[in-house]
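Worksheet for the structure shown next.
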Amino acid sequence: MKRLVVLMYGSKGSDSRFGEYFLNLIKSDPQLSEMYTAVSFHSHAGFFRYLFSSTEALTETLTQKLRNMLSRRQKNYSHIALVCHGTGGLIARQYITEEVMNQKSLAVDRALMFAVPNREADISRMY
C-alpha cells in the first residue's frame, strides 16, 4: 500500500514555491509514484482570517483542518508522513501533541521538519 506524504509549508509559502516542486518530483518518478502519493496542506487560513485572528486561533483552526484532512485520508493509507517547512511544522507539532495528549490514535507515523521556528522570538518575527 502507498504511503501518503503531506507537504506542509509555512504561512508565506505556496504550491509554486515549495509544494509544486516536490509534488512533481514524486509524480514524475515511476518508482516514487508507485510508493507514494503526495498532497499539499496549506498552512495559512486566508488573508482576512490572518488579519483579524490571534496566532493561537489560527493555529487551532489549521490544526483542526489538518486533523480533518488526515482522518479522511487515513482510510486509504496505512502510513502517513508529514514533510513540514516553517510554520507548517508548528501546525504539525500542535496536531501531534494534541493527539498524544488526548490518547488518540495517531494517523502520522513519520514527520520531517525543517526551518520550523521553535522559539517564541522566531515566531513573533514571522507575524
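The figures that follow rest on heavy atoms only: side chains count, while hydrogens, waters and symmetry mates do not. Note that this is a predicted model, so its numbers are computed, not measured.
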Just verifying a value: how many Å separate [X] [atom1] and [Y] [atom2], rounded to the nearest 0.5 Å?
X	Y	atom1	atom2	value
E34	K2	CD	NZ	8.0 Å
K27	T37	NZ	OG1	9.5 Å
L112	M8	CG	CE	12.0 Å
L25	Y36	CG	OH	11.0 Å
E98	K104	CD	NZ	8.5 Å
L90	M113	CG	CE	8.5 Å

Please find the pair of heavy atoms, one from [X] and one from [Y], that lie closest to each other, and give the distance.
X	Y	answer
V116	G89	CG2-CA, 3.7 Å
C84	A92	SG-CB, 3.5 Å
D109	A81	OD1-N, 4.3 Å

Quiz item: For F41, which of L70, L82, I91, V83 qualifies under side chain to side chain contact (heavy atoms under 4.5 Å, CB included)?
Solution: I91

Quiz item: Are F114 and L7 connected in the hydrophobic side-chain network, where two residues link if heavy atoms are under 4.5 Å apart?
Solution: yes

Could you tell me whether the side chain of [Y] reaches within less than 4.5 Å of the side chain of [X], counting heavy atoms only?
X	Y	answer
V6	R73	no
Q94	L66	no
Y95	L106	yes
M69	V39	yes

